[in-house]
Amino acid sequence: MMTMTQMETTVHYDNGYEEVYMTQEEEWDRDMLLDPAWEQQQRKTFTAWCNSHLRKAGTQIENIEEDFRNGLKLMLLLEVISGERLPKPDRGKMRFHKIANVNKALDYITSKGVKLVSIGAEETSAKEGLLLWCQRKTAPYRNVNVQNFHVSWKDGLAFCALIHRHRPDLLDYSKLNKDDPLGNLNLAFDIAEKHLDIPKMLDAEDIINTPKPDERAIMTYMSCFYHAFAGAEQAETAANRICKVLGVNQENEKMMEEYERLASELLEWIRRTTPWLENRTPEKTMAEMQRKLEDFRDYRRQHKPPKVQEKCQLEINFNTLQTKLRISNRPAFMPSEGKMVSDIAGAWQGLEQAEKGYEEWLLTEIRRLERLDHLAEKFRQKATNHENWASGKELVLSLKDYETATLTEIRAMLRKHEAFESDLAAHQDRVEQIAAIAQELNELDYHDVASVNMRCQSICDLWDKLGTLTQKRREALERTDKLLETIDQLFLEFAKRSAPFNNWMEGAMEDLQDMFIVHTIEEVQSLIAAHEQFKATLPEADAERQAILGIHNEVQKISQSYGIKANILNPYSTITTEELLNKWDKVKKLVPQRDSALQEEMARQHSHERLRRQFAAQANLIGPWIQTRMEEIGRCSLAIGGTLEDQMTQLKQCEHVIVAYKPNIDKLEGDHQLIQESLVFDNKHTNYSMEHLRVGWELLLTTIARTINEIETHILTRDAKGISQQQMNEFRSSFNHFDRKKNGAMETDDFRACLISMGYDLGEVEFARIMMLVDPSATGLVSFQSFIDFMTRETADTDTAEQVVASFRILATDKPYILVEELRRELPPEQAEYCISRMPPYKGHGAPPGALDYTAFSTALYGESDL
């Protein structure tokens with residue numbers, strides 16, 4: 001029979017228990033063997049140890065010699081320890097029955113390879129391992145220094161520290177006193193027996209009163225503590241693994257939710273903005289169209305650039321999330337319907353398609369409205385002048401005053417009528433101009449065309465009526481003319497010459513006050529040349545004026561000579577010399593005013609030319625600069641000489657240079673705004689438009705951000721997959737060599753050649769299997785990321801669903817389900833509530849209410865099943 005003087009050795013059985021057996025020391029402590037107190041302590045300790053196992057079978061022993069004598073309880077003890085059934089015991093009460101039962105127990109022990117004598121290397125290692133475990137667990141506690149299994153335990157603090165390390169809820173270590181060893185020992189033994197199911201194998205008084213407590217007794221007692229707490233450590237390890245897996249999953253879900261939110265906001269902005277850009281309904285006034293142009297400029301400079309960055313960041317977040325999911329062996333993220341990266345790209349393409357040509361349409365409409373305003377004002381001026389001229393003409397032509405007139409008066413009426421006809425013919429061009437302007441306003445869809453048409457129709461109807469009335473009056477006067485013989489030739493000549501001259505002056509005044517719209521210096525120069533030609537005709541006009549005034553003076557002279565009253569009126573014309581003089585003075589005043597207006601316009605066009613040259617000078621520098629930066633980014637992304645960190649450093653430097661260049665773009669935007677506000681629409685000094693440079697700048701920002709994200713993804717993949725920098729360079733070199741079109745992807749034949757160059761012996765079936773891995777969408781192209789994933793797939797060290805299930809099984813103490821209180825006890829609060837909210841109920845038989853299915857939850861984490 002084994003005694004308490006034996007060392008510990010560990011034996012593993014099918015039920016998972018680890019039990020302790022002691023082998024004899026090579027040298028017996030003779031004095032201690034002869035000490036009755038030591039023998040009593042050994043009996044007590046061994047009895048308590050046996051009862052800790054027999055209690056599971058509903059029995060116990062009180063005296064070793066008496067209770068083990070018949071071998072029945074000894075065989076029962078071995079069955080509890082091993083979890084196996086021993087041969088059926090003999091139930092007789094004879095001595096040979098008892099000896100047979102004891103022999104069956106000893107034969108079973110021998111069959112398991114347990115030696116009952118001597119001390120070997122394995123037993124010594126078990127003792128050292130148990131001592132090391134005690135030292136590691138009690139190391140942080142004050143006044144505890146475990147160096148052996150005897151005097152290091154006398155003050156009881158080591159026992160209390162071991163309990164507090166694993167169950168701090170059972171005692172307050174800070175309140176213990178090193179000078180109270182009896183209280184410390186009794187506290188530790190009572191807690192172990194009540195809360196840890198460890199029987200009280202030692203008495204506090206025996207340990208305190210013995211100079212050197214029995215080493216084997218304390219080792220036996222400590223082995224019970226070790227087995228009681230070993231399960232807790234295993235649960236802690238399992239909980240840590242679960243926390244790690246759940247932490248990764250929670251972070252991925254946050255990224256998914258953030259992607260969904262950003263995608264929804266960006267798509268909603270595109271949905272609101274696209275109809276606004278597609279609306280081509282013109283406004284009726286210049287001010288309203290200018291506001292539209294200002295709104296579009298605010299959109300391009302303030303509203304769209306942040307959305308460009310959001311779109312780029314959304315793509316970067318999506319790629320990063322997919323990389324993390326792939327590295328952690330999780331299923332790929334599938335966004336909600338309509339929120340894929342391709343969906344966002346399609347919506348963005350629709351936005352830019354609607355935006356294309358919108359600004360050009362605005363400028364075209366502004367030019368159209370500008371011309372319409374000019375034509376409308378010109379129509380109003382000519383219509384007013386004509387209406388003033390035609391006012392009262394219908395009444396005059398309708399008079400029948402010739403019926404009662406004298407011969408002189410009749411002749412005067414005839415001559416007057418001839419002068420009127422001349423005047424009427426002179427106004428024919430003006431009426432035709434009015435009609436032509438009205439027609440053009442109709443064709444250009446002038447907003448107030450109804451009033452224009454009404455006024456034009458009124459003028460044309462009156463003109464036709466005047467023509468009819470004029471013809472009728474001439475016929476009447478000619479019939480009467482046969483009765484008339486005398487006519488004042490001078491008045492007639494005055495009327496004939498003054499009417500055209502008056503009409504010329506009115507036309508000159510209209511031309512001198514005419515509005516003009518020009519866009520170039522050459523057009524202003526053309527107007528100045530025409531004005532100079534007009535001024536060259538002024539001497540001839542002045543001579544005609546003096547001749548007409550001479551006729552009037554001759555009339556006055558004749559009137560005075562023949563006693564005619566000085567206030568006699570010309571019967572042939574309504575034009576007076578005062579009117580001619582006033583109009584001539586107005587023409588002379590308008591000429592220098594016209595000179596000043598043309599010179600101001602010339603200065604304005606020179607200012608516009610300076611704006612064009614200023615914009616062109618900057619644009620011709622910025623355009624090539626953007627192209628150079630794009631080429632630098634391309635070269636950096638293809639470089640294989642240095643590390644990925646070197647490439648990242650170069651790209652970050654390049655990004656810093658690009659960001660620092662932004663003020664040049666802003667200054668160019670300011671110059672472009674000045675040009676647009678000045679209504680300058682063309683620039684022959686540069687081939688770069690502001691829109692081209694905006695698109696190039698946005699493409700540069702997007703390219704540098706995507707390239708940096710690609711390098712970050714490569715670094716993340718390299719670190720996660722355990723790829724060395726040399727391997728990464730070799731992979732990049734091979735990929736660049738077979739990326740023959742330099743578009744960032746290998747075609748199928750190039751990929752096969754790349755694999756062969758790297759030592760793969762490929763058949764058609766194997767190559768088809770590999771293509772399914774690297775090109776699941778069958779696009780015929782293999783990206784660098786897919787190539788890296790394939791090259792490192794077999795060496796990946798990732799968690800699996802089976803590992804997570806095994807960890808949960810440990811927390812559930814081998815049950816196929818787990819309870820809510822077990823999750824809250826073993827996991828941190830955040831991870832525990834996460835599991836409780838997502839873990840489905842357990843549907844198997846025999847489970848208590850509220851049991852959860854951790855197997856279905858674990859497989860769903862890795863996409864192997866659906867919750």
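Worth knowing before you read on, the calculation uses all heavy atoms, side chains too, and leaves out hydrogens, waters and symmetry mates.
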Side-chain heavy-atom pair [X], [Y] within 4.5 angstrom cut-off:
X	Y	result
M690	F615	yes
I665	L693	no
R473	V396	no
L512	H531	yes
W697	I622	no
N388	T384	yes

So does [Y] get a backbone contact from the side chain of [X], meaning a donor-acceptor N/O pair under 3.5 Å?
X	Y	answer
S391	E387	no
Q513	M509	yes
T468	D464	yes
D423	A499	no
T628	P624	yes

Check the angle between the aromatic planes of W463 and W389 and answer parallel, tilted or perpendicular using the 30° and 60° thresholds.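 Tilted: the ring planes of W463 and W389 meet at 30° to 60°.
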For the pair W625 and Y661, name the ring-plane relationship: parallel under 30°, tilted 30 to 60°, perpendicular over 60°.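 Rings of W625 and Y661: parallel, as their planes differ by under 30°.
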Would you say the side-chain atoms of [X] and [Y] include a donor-acceptor pair closer than 3.5 Å?
X	Y	result
K339	S264	yes
N664	Q618	no
Q457	D461	yes

Would you call [X] and [Y] a salt bridge, taking side-chain N to carboxylate O under 4.0 Å as the test?
X	Y	value
K307	E265	no
R694	E669	yes
E493	R497	yes
K356	E352	no
K535	E532	yes
D585	K589	no
K378	E510	no

For [X] versus [Y], what's the shortest heavy-atom pair and its separation?
X	Y	value
A426	N503	CB-ND2, 3.7 Å
L668	A619	CD1-N, 4.1 Å
I270	P275	O-CD, 4.4 Å

Roughly how far, to the nearest 0.5 Å, is NZ of K382 from NE2 of H386?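 H386 NE2 to K382 NZ: 12.0 Å, rounded to 0.5 Å.
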Please walk me through it: do R604 and E600 pass salt bridge (Lys or Arg N to Asp or Glu O under 4.0 Å)? CA-CA 6 Å; R604 192 168 74 94; E600 290 177 359; over 6 Å; no
